[in-house]
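Quick caveat: nothing in here was measured; it's all calculated off a predicted structure. Every chain is numbered from 1, with letters handed out A, B, ... down the list of sequences.
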Protein chains: 2
Amino acid sequence: MQDNDDALIDLLKLHDISPTSQRLEIARILLARPQHLSADQVLASVNASLPVVSKATVYNTLGLFAKKGLVREVIVDPSKVFYDSNVEPHFHFYNSDSGELTDIPNDSITLSQIPELPQGCSLDSVDVIVRIRED
Amino acid sequence: MQDNDDALIDLLKLHDISPTSQRLEIARILLARPQHLSADQVLASVNASLPVVSKATVYNTLGLFAKKGLVREVIVDPSKVFYDSNVEPHFHFYNSDSGELTDIPNDSITLSQIPELPQGCSLDSVDVIVRIRED
DNA sequence: TTGGGTGCAAACTATTTGCATTCGA
DNA sequence: TCGAATGCAAATAGTTTGCACCCAA
């Protein structure tokens, strides 16, 4: 576990984030594996056994992680933001019935010909969301 | 103007929406031309000269229009939903600095190879959002 | 008349913010 | 010690909801 924490601490530092214990807790949950969690879910997971991080800190920390490029915000539902621990370029399925967000295999979709951007603008990111629903 | 109203009324009926005066007002604003408006903006436009539609009715009506396929919801910003009067398939630029949502010319971007959907699911829509920011 | 549509205000919920306290280098 | 980080609660804002009223078929 200590090894894992050391790796996480290095990762945070690498992203210019000072590794406090709350941030480590959140990173431990969210970065454990590729996944999509809402702030609510992170809050619940982190405090599952005993309360260690407040709601405000979860929101602030997730916002910080996103700004620093450690995670990626995925906006598919007006009612909540998802945080994706996979920052590699990839696209998503969103099942609006179940609220489930899943990755689209990278080789099964292709976006070609990124269009010319409007004057005075630079590219931030390209989001592709394939919305699906239960039959 | 009457001609235009008649056309709008027919359009509403065609979408299985009973054409009340408030719905007509909202349709007149939103469907005037291809555009992207938030509920707030619609509310402000509709009541620009004198108050004719309540906030709740604007939200309910936009939701109804979207459900009936008369307009399309565009979810790009966690803080508000945009309603697009153009329901033809097309993609968007979103300038997160200015909050401006614009169309991507249809011929300047290509999405190929729609991926296989998960079991028991059907396609709803494909959203492509190219996020940009001011230099 | 009668049920859908509307208006109003209150409720709701995700998120943000102000500020006092606490922690760690 | 001293500034950064945190916690708490209140504030915010978009959206939804409950309910009484009203209108058109």
Problem - Residues forming a side chain to side chain donor-acceptor pair (under 3.5 Å) with Arg131(B), sequence neighbours excluded - result: Asp127(A)

Handout entry: Leu43(A) CG to dT6(D) P, straight-line distance once rounded to whole Å
Key = 14 Å

Completion exercise
Here the distance between atom P of dG5(C) and atom CG of Leu24(B), to the nearest Å, is 14 Å

Fill in the blank from the handout: Sequence neighbours excluded, the answer for side chain to side chain donor-acceptor pair (under 3.5 Å) partners of Glu100(B) is none

Exercise for the section: Check side chain to side chain contact (heavy atoms under 4.5 Å, CB included) between Thr20(A) and all other residues, then give those that pass, not counting sequence neighbours. Expected result: Gln22(A), Arg23(A)

Handout entry: Contact list for DNA chain C against residues 54-70 of chain A - heavy-atom distance below 4.0 Å
Key = Lys55(A), Ala56(A), Tyr59(A), Asn60(A)

Exercise for the section: Using ring pair (Phe, Tyr, Trp, His ring centres under 6.0 Å) as the criterion, list what pairs up with His36(A), not counting sequence neighbours. Expected result: His92(A)

Fill in the blank from the handout: Applied to residues 35-55 of chain B, the salt bridge (Lys or Arg N to Asp or Glu O under 4.0 Å) test, sequence neighbours excluded, yields none

Fill in the blank from the handout: Once base and sugar-phosphate atoms are separated, protein heavy atoms under 4.0 Å mark nucleotides 19-25 of chain C, 5' to 3', with B, S and - as -------

Handout entry: Under 3.5 Å: donor-acceptor pair, side chain of Ser122(B), backbone of Asp135(A)
Key = no

Got a list of side-chain donor-acceptor pairs under 3.5 Å for residues 8-17 of chain B, not counting sequence neighbours?
from     : atom 1 : to       : atom 2 : distance (Å)
His15(B) : ND1    : Lys68(B) : O      : 3.2
Asp16(B) : OD2    : Lys68(B) : NZ     : 3.4

Handout entry: Partners meeting side chain to side chain donor-acceptor pair (under 3.5 Å) with Tyr83(B) (sequence neighbours left out)
Key = Glu73(B)

Handout entry: Members of residues 71-82 of chain A that approach DNA chain C, where some heavy atom sits under 4.0 Å away
Key = Ser79(A), Lys80(A), Val81(A)

Practice task
Would you mind reading off the distance between Ile26(B) atom CD1 and dG7(C) atom C1', rounded to a whole angstrom?
Solution key: 12 Å

What's touching nucleotides 3-5 of chain D from the protein side, N or O pairs under 3.5 Å?
from   : atom 1 : to       : atom 2 : distance (Å)
dA5(D) : OP1    : Ser18(A) : OG     : 2.8
dA5(D) : OP1    : Arg23(A) : NH1    : 3.4

Handout entry: Exam field: side chain Asn47(A) to backbone Val53(A), donor-acceptor pair closer than 3.5 Å
Key = yes

Exercise for the section: Give a yes or no on this: more than 12 heavy atoms of other residues, nucleotides or ligands lie within 6.0 Å of atom CD of Glu116(A). Expected result: no

Practice task
Quick one: list whatever passes side chain to side chain donor-acceptor pair (under 3.5 Å) with Ser38(A), sequence neighbours left out.
Solution key: Gln41(A)

Fill in the blank from the handout: In this structure, CG of Asp77(B) is separated from OG of Ser96(B) (nearest 0.5 Å) by 8.5 Å

Problem - Asn106(A) versus His90(A), side-chain donor and acceptor atoms under 3.5 Å - result: no

Problem - d(CD1, Ile17(B); P, dG4(C)) in whole Å - result: 16 Å

